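Below you'll find the structure, written out as structure tokens, and then a few comments.
Given the structure is predicted, the values throughout are model-derived calculations rather than measurements.
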Amino acid sequence: MNSAADVIPLEPGWEKMREGIDKFTAIMEGGFRESFPLAMHSELYTTCYAMCTQKAPHNWADELYKRYGTMYEQQLEQTVLPAIKAKHGTDMLAEFARRWKNHKLLVRQMWKLFVYLDRFYIKRISALPLKAVGVQKFEQVVFNQVKEEVRAGVLQLIEKEREGDMVDRDLLKQVVNVFVEIGDWRPLFPTRVGEEIGDIGQARLNTYVKELETQLLADTSAFYARESSSWIGTDSCPEYMKKAEQRLQQEVALVAAYLHSTTEEKLLKEVETQLLANHQSSLLDKEETGCRALLREEKTDDLKRMYKLFQRLPNSVTCGLQPISQIVREHIVDVGMSHVRKEEAEKDHSMYAQQLIDLHDQYHAMVQGPFGSNQLFQKVLKEAFEVFVNKDIGQSSTAELLSTFCDNIMKTGGDKIEGEIDAVLDKIVMLFSYLSDKDMFAEFYRKQLAKRLLLNRSASDDDERSLITKLKYRCGAQFTSKLEGMLTDMNVSKDSQNNFATWMRTSEVNLGMECAVTVLTTGFWPTYKVDEVALPAELLRGIDTFTRYYESRTSHRKLKWIHTLGTCVLTGRFDTRPIELVISTYQACILMLFNQQEEYTTADISTATKLPMDGLMKYMQTLALGKYQILTKSPKGKEMKDTDVYTFNRAFTDRQRKIKMSLLVTKVSQDEKLSTKQTVDEDRKHAVEASIVRVMKARKTMAHQQLVMEVSQQLMKLFCPDPKVIKNRIESLISREYLERDKDNLG
């Protein structure tokens with residue numbers, strides 16, 4: 001219990017505390033050339049402690065707390081505020097920053113002396129902490145009086161730096177920090193009328209945002225509005241973008257140097273709006289330097305800069321990357337259509353697919369490079385190519401030309417390609433993905449693959465399988481099932497041929513010649529025309545022998561012989577020397593007639609071989625009027641008649657011991673093109689009907705228009721179905737009682 005002698009009265013006690021405060025203030029004003037005495041610090045702390053722990057009515061905690069705040073008010077009004085107001089411009093900012101720094105030191109020192117109040121008294125009555133009181137008093141007495149002049153000084157220095165002048169960034173950082181630090185205790189202050197504290201983290205920046213940042217953003221917007229207006233009239237698009245890029249980098253550096261990090265996003269948004277969004281249309285449409293010109297001239301660096309700049313803006317029809325992507329789409333379509341028009345004027349379309357691949361490489365590299373593989377640009381690349389890739393070139397579709405291109409690089413003796421063939425196949429499949437008539441490509445490819453395999457013209461089985469695998473990945477197993485079946489048949493046939501040779505040795509069968517038979521599964525291979533032909537006895541013997549072998553192995557399959565794509569190797573015994581002739585089966589049938597007699601008329605050959613006259617004329621032309629004239633025609637001349645007489649040309653000679661005659665079946669004829677299109681049309685009818693039935697099985701009942709739309713959606717992966725065809729197939733299914741109209745909706 002305190003005795004009367006130990007009690008410290010209020011006024012003497014405060015006087016002692018005041019002496020210590022004045023002492024520290026003097027040291028602070030003198031630049032801290034001396035330190036605050038430790039003994040005095042201990043004495044003052046003890047005095048404050050005693051005055052706060054004395055029994056009532058001598059407990060002065062409440063009074064000390066009040067005088068603690070008053071002490072700040074007096075010191076700030078009498079010393080700090082006049083010192084700041086006495087200066088102007090940069091000097092005023094420097095004084096403002098210095099006074100705030102000293103004030104923080106004063107608050108920290110006073111807190112150490114009055115810390116007992118903070119720990120016990122303030123918690124008990126829920127009052128503001130001592131440090132908060134110190135900050136609040138500086139805000140009320142000093143900051144609110146000079147904030148407008150300080151803000152104007154800061155904004156003026158920022159504008160000077162933007163105009164290229166050197167400024168004191170350290171000073172700016174110190175002054176800006178005052179706005180941030182004054183708000184550090186803001187969540188603990190009483191809420192002012194009309195002011196919402198909100199989130200604590202955001203509330204601490206309320207002073208900075210309200211008193212500095214808001215005006216900074218407005219000034220920034222006005223500054224760049226003026227600057228962009230002067231640029232847009234005189235600068236080219238690339239020059240403008242370089243300046244805009246530089247300005248954005250400068251603003252990022254400015255924020256890092258002396259503004260709060262939360263300002264960066266808002267500040268850059270203002271800059272982007274004024275420099276980019278407000279002038280995007282004018283920039284992109286500049287006649288000689290805009291986006292279209294950059295695309296024409298392949299200015300990849302400028303396009304990359306354009307992408308990076310406008311990527312910052314929100315996407316819409318008139319803003320951001322979307323307008324650029326539409327210009328890119330239009331440009332690619334224009335270039336593609338010019339290729340189409342140029343190709344239509346050419347007679348030879350064999351290089352058209354390669355041109356498309358080169359064009360796709362060019363713009364794919366642009367999408368991958370300058371446009372950063374952005375999905376929006378990948379989409380417009382696809383859309384643009386779909387426009388002109390599906391345009392017919394003369395009498396040929398792109399599907400046919402692309403398939404023919406594949407055939408040329410896949411067959412022996414075809415076009416040689418540089419580099420990795422797998423990469424070329426990837427590019428082919430990419431172009432294929434743009435085709436709307438994928439089924440047309442598949443049918444042409446199937447016929448050409450069949451000829452490559454049956455005539456042993458395929459350069460690589462691995463490459464064939466690789467392309468089919470890529471197509472399967474793109475369109476599914478059903479799309480490539482026939483192609484895979486064809487390759488499987490060829491492998492099975494090789495094994496079957498070996499077994500056939502073993503069977504003949506075991507059965508002691510000697511044909512007097514080599515006989516190789518390829519067994520094909522009907523559903524996988526194209527349908528070939530079967531001509532009734534009278535085969536020579538030697539060939540018939542081979543057919544009968546293989547038939548006996550095959551029937552001994554299986555009883556559930558029937559062989560149907562197709563000689564259209566057959567090949568024979570005959571030895572021609574000419575006067576100079578024997579020469580091996582690699583020819584078609586039909587050509588062999590004609591030549592082997594001359595083993596029986598010296599000469600035949602065209603009509604005689606037709607009767608003996610049972611070949612129709614139209615087809616026979618083509619074969620006779622290759623044997624008598626082509627590069628290798630095995631037969632001699634009389635009378636001479638290119639005109640061919642039924643009465644022409646042919647004899648074996650014993651005087652024929654050639655440097656090679658083995659020659660390959662021109663086999664007409666290696667090329668896709670005009671008739672085959674027409675039949676392919678007819679086959680595709682028929683297959684499409686079946687595909688449409690199958691899709692209709694699938695949908696109706698799942699839905700049971702469906703509106704007519706909705707059914708047409710859903711069937712179209714299902715078939716879009718293979719081809720673009722004509723709504724009229726779908727409606728016709730619906731009517732056909734109704735007439736065949738696969739479907740029926742709803743009785744309640746007959747009207």
Side-chain angles (χ1 to χ4, degrees), residues 350-365 367-368 373 378 381-382 385-386 389 397-495 518 520-521 523-526 565 666-668 676 680 717-719:
S350 59
M351 294 307 295
Y352 180 61
Q354 183 62 57
Q355 291 172 10
L356 289 180
I357 289 174
D358 294 340
L359 191 66
H360 189 268
D361 285 348
Q362 176 186 346
Y363 289 108
H364 184 259
V367 170
Q368 295 290 104
S373 299
Q378 291 180 8
L381 175 67
K382 177 177 180 292
F385 266 79
E386 284 174 346
V389 160
S397 66
T398 306
E400 177 193 337
L401 295 175
L402 187 60
S403 175
T404 303
F405 177 75
C406 292
D407 185 53
N408 287 337
I409 65 174
M410 288 291 207
K411 68 185 179 184
T412 55
D415 296 338
K416 300 299 179 184
I417 57 173
E418 297 179 1
E420 197 66 36
I421 189 169
D422 196 58
V424 177
L425 297 181
D426 283 334
K427 294 173 184 178
I428 290 172
V429 173
M430 181 57 71
L431 280 183
F432 162 80
S433 70
Y434 300 142
L435 293 174
S436 57
D437 297 334
K438 294 181 175 63
D439 56 343
M440 186 74 73
F441 171 89
E443 190 61 27
F444 272 108
Y445 187 82
R446 186 165 71 107
K447 290 194 172 183
Q448 290 163 333
L449 173 63
K451 292 183 178 182
R452 289 199 300 276
L453 296 176
L454 296 177
L455 298 176
N456 199 25
R457 297 289 301 276
S458 179
S460 168
D461 286 347
D462 290 340
D463 292 341
E464 298 283 8
R465 290 192 178 278
S466 176
L467 181 56
I468 291 172
T469 300
K470 294 177 191 296
L471 293 173
K472 182 178 181 179
Y473 177 77
R474 182 74 64 171
C475 294
Q478 185 178 357
F479 184 79
T480 58
S481 59
K482 292 182 179 180
L483 303 178
E484 290 177 310
M486 292 163 69
L487 292 179
T488 302
D489 276 355
M490 295 305 294
N491 290 331
V492 171
S493 290
K494 289 177 183 177
D495 295 336
T518 304
L520 312 178
T521 304
F524 296 151
W525 297 77
L565 296 177
T666 58
K667 297 179 181 178
V668 177
T676 300
V680 170
K717 292 180 180 179
L718 289 180
F719 62 94

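Partners of Phe524 according to the ring-ring contact (aromatic ring centres under 6.0 Å, His included) rule, which considers only residues two or more places apart in sequence or in another chain, do not exist here. The side-chain hydrogen bond (donor to acceptor under 3.5 Å, both in side chains) search around Tyr352 returns none, not counting sequence neighbours. In this structure Ser460 satisfies the side chain to side chain contact (heavy atoms under 4.5 Å, CB included) test together with Asp462, Asp463, sequence neighbours excluded. Taking the salt bridge (charged side-chain N to carboxylate O under 4.0 Å, His left out) definition, one finds that Arg452 meets it with Asp407, Glu464, sequence neighbours left out. Thr488 is linked by a side chain to side chain contact (heavy atoms under 4.5 Å, CB included) to Val492, counting only residues two or more places apart in sequence or in another chain. Remark: Asp461 pairs with Lys494 by the salt bridge (charged side-chain N to carboxylate O under 4.0 Å, His left out) rule, at least two apart or across chains. Residues satisfying the side-chain hydrogen bond (donor to acceptor under 3.5 Å, both in side chains) test with Ser403, not counting sequence neighbours, are Gln448. Checked against side-chain hydrogen bond (donor to acceptor under 3.5 Å, both in side chains), Asp439 has the following partners two or more places apart in sequence or in another chain: Arg684. Scored by the side-chain hydrogen bond (donor to acceptor under 3.5 Å, both in side chains) test, Asn456 finds no partners at all (sequence neighbours excluded). Val367 meets the side chain to side chain contact (heavy atoms under 4.5 Å, CB included) test with Phe377, Gln378, Leu381; sequence neighbours excluded. Looking at residues two or more places apart in sequence or on another chain, you find a ring-ring contact (aromatic ring centres under 6.0 Å, His included) between Tyr445 and Phe441.
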Which atom pairs, donor and acceptor, lie under 3.5 Å between side-chain atoms of residues 465-475 and protein residues at least two apart or in another chain?
from, atom 1, to, atom 2, distance (Å)
Ser466, OG, Asp422, OD1, 3.0
Thr469, OG1, Arg465, O, 2.7
Lys470, NZ, Asp422, OD1, 3.3
Lys470, NZ, Asp426, OD1, 2.7
Lys472, NZ, Glu484, OE2, 3.4

